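Shown next, in structure tokens, is the structure this report addresses.
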Protein chains: 2
Amino acid sequence: MSATASQHPDFDASRCPVRDVLDQIGDKWTLLILLTLVATPARFSAIQRAVPDISKRMLSQTLRNLERNGMITRQVFATKPPSVQYAMAPLGEALLEPMSQLVKWAEDHHRHIRAARERFDQADAG
Amino acid sequence: MSATASQHPDFDASRCPVRDVLDQIGDKWTLLILLTLVATPARFSAIQRAVPDISKRMLSQTLRNLERNGMITRQVFATKPPSVQYAMAPLGEALLEPMSQLVKWAEDHHRHIRAARERFDQADAG
DNA sequence: CGGAATCCCATCCGATACTG
DNA sequence: CAGTATCGGATGGGATTCCG
């Protein structure tokens, strides 16, 4: 779409910052990992233990994306065997501020959402 | 929140409210539609014009999910041809409060994210 | 006008096996 | 220990067609 055509006040659909951020934190593991690292820096296997259901494949992939986007840092120690420490970067810590608002909202309103869902599904069935 | 098993302070991986909310607003169209409806209630075709790239299939599907979760309301007028009006429900308006924080954060920090990305990609290439 | 049904492709993600 | 490579099922979402 053209630069001028958007009907959204704060929202230009192309190169949209919010889409960009949402695509990242909206995936299955990103937020879990960030919430793990905000408590304390951790190594690969420690994160995997803290997020039990994640596979090595997804952990590796999600961590790399987080590092690429400047949300976390990655530091390699040439011990034997080598260890790698991940930690929050300033940008990631900054992100968790609005995110924690959303987390709180979700916890506060989850009951309402589930209730609405049941009403809808029952009306649909009846 | 969870009593026993979770390693995450505020995060129980099963039946997680945040996952639930994130799955919904993290999809491709939900936020766009909410931001369209917060300005004014609108009919199906009006929303589709306001979000030009969306297909009828995805618009219909996303609207139904939003209604199911209590975020928007749907009112049918038996005119000829019939018209259907969608509008924000209280729950949806409440959600937009923390969401607008996130939108603002994304806009404020998008430059940093893109810069981090370029650094990472260049280090990778070199 | 406001959908539902179908088809199909792209991406996500888990499981497994292998490597330095 | 900290990954990478490959496969395959599940899901997301676009295009098209049909319906009340």
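Order of the sequence lines sets the chain letters (A, B, ...), proteins ahead of strands, with each chain counted from 1. Atom set for the values below is all heavy atoms of this structure, side chains included, hydrogens, waters and symmetry mates excluded. Nothing here was measured: the structure is a model prediction, and the numbers come from that model.
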> So, are B:Asp121 and B:Arg117 salt-bridged, with charged N and O less than 4.0 Å apart?
Replying inline: no
> When you measure from the side chain of A:Ser60 to the backbone N and O of A:Lys56, does any donor-acceptor pair fall under 3.5 Å?
Replying inline: no
> Considering heavy-atom distances to DNA chain C, does B:Pro81 or A:Gln61 have its closest nucleotide positioned more toward the 5' end?
Replying inline: B:Pro81
> D:dG13 P sits how many Å from B:Gln24 CD, rounded?
Replying inline: 11 Å
> Are B:Asn69 and A:Phe120 side-chain neighbours, meaning at least one heavy-atom pair lies under 4.5 Å?
Replying inline: no
>> From CD of B:Glu67 over to P of C:dG2, roughly how many Å is that when rounded to an integer?
In response: 15 Å
>> Closest approach to the side chain of B:Met58, judged atom by atom: which nucleotide of C:dG20, C:dA4, D:dG13 is it?
In response: D:dG13
> Taking only side-chain nitrogens and oxygens of B:Lys28, does any of them come within less than 4.0 Å of OP1 or OP2 of D:dG14?
Replying inline: yes
> Do we see a donor-acceptor contact under 3.5 Å between the side chains of B:Asp27 and B:Thr30?
Replying inline: yes
>> Rounding to an integer number of Å, can you tell me how far B:Lys56 NZ sits from D:dG13 C1'?
In response: 16 Å
> When the distance from CG of A:Leu59 to C1' of D:dT4 is rounded to whole Å, what number comes out?
Replying inline: 13 Å
>> Starting the side chain at C-beta, find the nucleotide from C:dG3, D:dG3, C:dA5 nearest to B:Arg74.
In response: C:dG3
> Just to confirm, is there a sub-4.0 Å distance from OP1 or OP2 of C:dC1 to any side-chain nitrogen or oxygen of B:Ser83?
Replying inline: no
>> Could you tell me how far apart B:Gln48 (CD) and D:dA15 (C1') are, to the nearest whole angstrom?
In response: 13 Å
> Rounding to a whole Å, what distance do you find between A:Leu32:CG and C:dC13:C1'?
Replying inline: 15 Å
>> Under 4.0 Å, heavy atoms only, any strand: does B:Tyr86 hit a base, just the sugar-phosphate, or nothing?
In response: sugar-phosphate
> Are any of A:Thr79's side-chain N or O atoms less than 4.0 Å away from OP1 or OP2 of D:dC1?
Replying inline: no
> Whole-Å distance between D:dA2 P and A:Ile47 CD1?
Replying inline: 9 Å
> Of the nucleotides C:dA4, D:dG3, D:dG14, which has the atom closest to the B:Arg57 side chain?
Replying inline: D:dG14
> Atom CD1 of B:Ile54 and atom P of D:dA15: how far apart are they, to the nearest Å?
Replying inline: 12 Å
> Among D:dT4, D:dG14, C:dG14, which is the nearest nucleotide to the side chain of A:Ser55?
Replying inline: C:dG14
>> From the set C:dA4, D:dG3, C:dC1, return the single nucleotide nearest to any side-chain atom of B:Arg43.
In response: C:dC1
> Has the side chain of A:Arg119 got a donor or acceptor atom that lies under 3.5 Å from a matching backbone atom of B:Gly70?
Replying inline: no
